[in-house]
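What follows is one structure encoded as structure tokens, with my remarks underneath.
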Amino acid sequence: QVQLAESGGGLVQAGDSLRLACAASGRPYSADNMGWFRQAPGKEREFVAAISWSGGVTYYSDSVNGRFTISRDGAKNTIYAQMISLKPEDTAVYYCAARSGQKYYCSGYTCFSDINEYDYWGQGTQVTVSS
């Protein structure tokens, strides 16, 4: 089992920056790809960004590409989402997710961005961007 704990959310103004962190515990070495998803009120949870186990491969949704950067610190079993130029439409609960490494090999944007590919989820952290 892998436990995930997000931190770093908050209330900011449009144009500000935030950095989210997600620390993995339990058996973090059993996780494969990791990612960030978000869910705004009344909407479905959507893909934001994902990173491979090695940290060498990253994917982003069109809505955040160029503004968000996902990174991974293997020594700390932590991933980050550096968010700049935040917009009111970025307001959502942000969830960290991890995919089990015991599954078939996953590659490409389609797999990395598929919410159903992820096995472990954090509790979420609220990000609110005021205009």
- prompt: Does Ile84 belong to the same Ile/Leu/Val/Met/Phe/Trp/Tyr cluster as Val12, with side-chain heavy atoms less than 4.5 Å apart forming each link?
  reply: no
query: What's the shortest heavy-atom distance between Ser131 and Ala14, and which atoms?
result: CA-CB, 4.4 Å
- prompt: Between atom OG1 of Thr69 and atom CE of Met83, what is the distance when rounded to the nearest 0.5 Å?
  reply: 11.0 Å
- prompt: Gly122 and Tyr95: which non-hydrogen atoms are nearest, and at how many Å?
  reply: O-CD2, 3.6 Å
query: When rounded to the nearest 0.5 angstrom, what distance separates SG in Cys111 from CZ in Arg99?
result: 4.5 Å
task: Taking atom types as modelled, find out whether Arg38 and Tyr94 have a side-chain donor-acceptor pair closer than 3.5 angstrom.
output: yes
- prompt: Hey, which of Tyr105, Tyr60, Trp53, Tyr59 is the one that makes ring pair (Phe, Tyr, Trp, His ring centres under 6.0 Å) with Phe112?
  reply: Tyr59
- prompt: Are Ile70 and Gln82 close enough, and set up right, to give a side chain to side chain contact (heavy atoms under 4.5 Å, CB included), and what steps lead you there?
  reply: CA-CA 6 Å; Ile70 189 170; Gln82 179 66 51; over 6 Å; no
message: Looking at Trp121, I want to see if its CH2 is surrounded by more than 12 non-hydrogen atoms of other residues, nucleotides or ligands under 6.0 Å.
response: yes
- prompt: Nearest 0.5 Å, what's the OG-CZ distance between Ser63 and Phe68?
  reply: 7.5 Å
- request: Please round to the nearest 0.5 Å and tell me the distance separating atom OG1 of Thr58 and atom CG of Asn33.
  value: 11.5 Å
Main-chain N/O of Ser54 paired with Arg72 side-chain donor or acceptor, under 3.5 Å: no
message: Please evaluate residues Tyr120 and Gln1 with respect to the criterion side chain to side chain contact (heavy atoms under 4.5 Å, CB included), reporting the C-alpha separation (whole Å), side-chain torsions for both, the decisive distance (0.1 Å), and the verdict.
response: CA-CA 8 Å; Tyr120 309 105; Gln1 287 289 332; 3.5 Å; yes
query: Taking atom types as modelled and ignoring hydrogens, do the side chains of Thr128 and Gln126 form a donor-acceptor contact shorter than 3.5 angstrom?
result: yes
message: If you define the side chain from C-beta out and look only at heavy atoms, does anything of Val127 sit under 4.5 Å from Leu18?
response: yes
statement: Smallest heavy-atom separation, Ser7 atom then Thr125 atom, equals C-OG1, 4.4 Å
query: What distance separates Ile79 CD1 from Ser71 OG, expressed to the nearest 0.5 Å?
result: 8.5 Å
field: same_hphob_cluster(Met34, Tyr80) at 4.5 Å side-chain heavy-atom cutoff
entry: no
task: Drop me the distance from Thr78's OG1 to Leu20's CG, to the nearest 0.5 angstrom.
output: 12.5 Å
- request: Look at the side chain of Glu6 and the backbone N and O of Gln123, then say whether any donor-acceptor pair between them is shorter than 3.5 Å.
  value: yes
query: Hey, do the aromatic rings of Phe47 and Tyr118 have their centres closer than 6.0 Å?
result: no
message: Tell me whether the count of non-hydrogen atoms from other residues, nucleotides or ligands lying under 6.0 Å of NZ in Lys103 goes above 12.
response: yes
- prompt: With a 4.5 Å limit on heavy-atom distance, are the side chains of Arg45 and Ile115 in contact?
  reply: yes
field: Cluster overlap Val129 with Phe37, hydrophobic side-chain contacts below 4.5 Å
entry: no
task: Check the pair Ser61, Glu46 against side chain to side chain contact (heavy atoms under 4.5 Å, CB included), reporting the backbone distance first and the verdict last.
output: CA-CA 9 Å; Ser61 67; Glu46 65 175 7; over 6 Å; no
